[in-house]
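Any value given below was found using the heavy atoms of this structure, including those in side chains, with hydrogens, waters and symmetry copies removed. Naming convention: chains lettered A, B, ... in sequence-line order (proteins, then strands); numbering from 1 in each chain.
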Number of protein chains: 2
Amino acid sequence: MDEEKILTPAHEDYVKAIYMLYSRGVEVTNSALANQLKVAPASATNMVKKLSDLGLVTYEPYQSIALTPAGELVALEVLRHHRLLELYLHDKLNLPWEMVHEEAERLEHVLSEALEDAIAAALGNPTVDPHGDPIPTKDGKVESVAGLALSLAELKHPYTIVRVLLQDAERLIYLGAMQLYPNATVTVLKRAPFDGPLLIEVDGEHHALAHDLAECIIVK
Amino acid sequence: MDEEKILTPAHEDYVKAIYMLYSRGVEVTNSALANQLKVAPASATNMVKKLSDLGLVTYEPYQSIALTPAGELVALEVLRHHRLLELYLHDKLNLPWEMVHEEAERLEHVLSEALEDAIAAALGNPTVDPHGDPIPTKDGKVESVAGLALSLAELKHPYTIVRVLLQDAERLIYLGAMQLYPNATVTVLKRAPFDGPLLIEVDGEHHALAHDLAECIIVK
DNA sequence: ACCGCGGAATAGGCATGGCTAAATCTTAAC
DNA sequence: GTTAAGATTTAGCCATGCCTATTCCGCGGT
């Protein structure tokens, strides 16, 4: 049951996207996938059928999609590549955190086992990437990051940021400008009603933070 | 005259191969290219026509192929990526020299400008890779490496290896086992007639070295 | 139970980048 | 000068992955 390694970057991207949607609690439909990957719905249907033939997903027409154990392993391997690369690019090559995602997006598909190991070793076998996302182990285990969204945090209580659930460069730059990085300490001073912005304090500075951004910041 | 950046990895591979053949003094024909890239001759003809349309090569049916200035720039950029990566993987990630070529072969196509710069900076803007091959500068200049083939070296005279003109892992492992790396000191003790093997001394050890391998080792 | 609407699947195209087989050109031998 | 061998090009095919247009399903409203 193991032929493997005939997977193209496209296969990997789909499997990864399925995993991401699923782990985010979204129902994995072909159109959700298409939307995530910025392709036409028909393209997703097509590829999902191929993944099904490869035994990486279970799929019946008009039903939602799920990864098989084999598919999950593939997803976790790609994710491991991605997050190791993000951390490496950030820590060893000093790329700013808003750049590492898109770089890793391309590099993850051409990373050999040997290079993966070398990178992991150079980083001291780390467990989280620069956004606080956990790095799966080689045998496909991910530790879940405990914490709550900043939007739900107790007022006037200092929290430590453990994770930032964003990839797009613009918003990461914006958060970075306020020093809202993992390990930073942040306090919510006031919360506007009706899901309005939060007044927060980071690094001695006060900022207003939109509610939807606060939902993406996980603290402890 | 500059639209660029619609180049696929395949385009880059062809342009690089044309540059390599040309710089090695081989006449660049479609079949030489096909042979170099391990594709069928017809495939090479096809792609060369596309490169010609892109203005990267000059080509008339049944004639040999040459890079245009634009094509040469592309080739040198790819080569810069390749050799920077080789050096980086070798020096910073401790991959053995026989592995770096094939790793770089895949990575070179997905290296952004920013990452290229970061790598070059991390290495201190080096000029040669682990095989002694010169690294083109960003503006497309290559310094030629002076030296002569070990097969032509004077007897009983110590030389320093400056370059090893091989990529395949097996032979690099073989040379590595004898410590025949760039910067190593080597002395030819005896040369067998009829292009026979050379008796050499490296690192206090005596070895017999086939003539064709000696031709690939450039010393000074 | 029926209808219709929207989401989902199929059909059919297109570009890339390979391939093989057939036709064609070059060249060198007779 | 002809011709045959070998290299080169053309023709036509296939797989990948994307697309648009069309058809089909299934569910909510009546």
Using the salt bridge (Lys or Arg N to Asp or Glu O under 4.0 Å) rule, collect all pairs that involve residues 164-178 of chain A, keeping only residues at least two apart or in two chains. A:D168-A:R171

Identify, residue by residue, the members of residues 15-34 of chain B with a heavy atom below 4.0 Å from DNA chain D, and return them in order of residue number, or none. B:T29, B:N30, B:S31

Applying side-chain contact (heavy atoms from CB on, under 4.5 Å), can you list everything that pairs with A:D139, at least two apart in sequence or on another chain? A:T137, A:K141

Can you tell me how far P of D:dA7 sits from CG of B:N35, to the nearest Å? 12 Å

Below 3.5 Å, can you tabulate the donor-acceptor pairs from side chains in residues 18-36 of chain B to any protein atom, sequence neighbours excluded?
| unit_1 | atom_1 | unit_2 | atom_2 | d |
| --- | --- | --- | --- | --- |
| B:S23 | OG | B:Y19 | O | 3.2 |
| B:S23 | OG | B:M20 | O | 3.0 |
| B:T29 | OG1 | B:S31 | OG | 3.3 |
| B:T29 | OG1 | B:A32 | N | 3.0 |
| B:N30 | ND2 | B:T45 | OG1 | 3.4 |

Summarise protein proximity over nucleotides 10-20 of chain C in one line of letters, 5' to 3': B for base, S for sugar-phosphate only, - for none, counting protein heavy atoms closer than 4.0 Å. B------BSBB

For B:H81, the ring pair (Phe, Tyr, Trp, His ring centres under 6.0 Å) test, sequence neighbours excluded, returns none

Taking salt bridge (charged side-chain N to carboxylate O under 4.0 Å, His left out) as the definition, give me every residue that meets it alongside A:D133, ordered by chain and number, with sequence neighbours left out. A:R163

Interatomic distance where OH belongs to B:Y62 and P belongs to C:dC25 [whole Å]: 6 Å

Scan for salt bridge (Lys or Arg N to Asp or Glu O under 4.0 Å) pairs involving residues 115-132 of chain A, sequence neighbours excluded, and state none if there are none. A:R80-A:E116, A:D117-A:K138

Specify the separation, in whole Å, of atom CG of A:L7 and atom P of D:dT16. 12 Å

Does some side-chain heavy atom of A:M178 sit less than 4.5 Å from a side-chain heavy atom of A:L175? yes

Please identify each residue that fulfils side chain to side chain donor-acceptor pair (under 3.5 Å) with B:H101, with sequence neighbours left out. B:H82, B:E86, B:E105

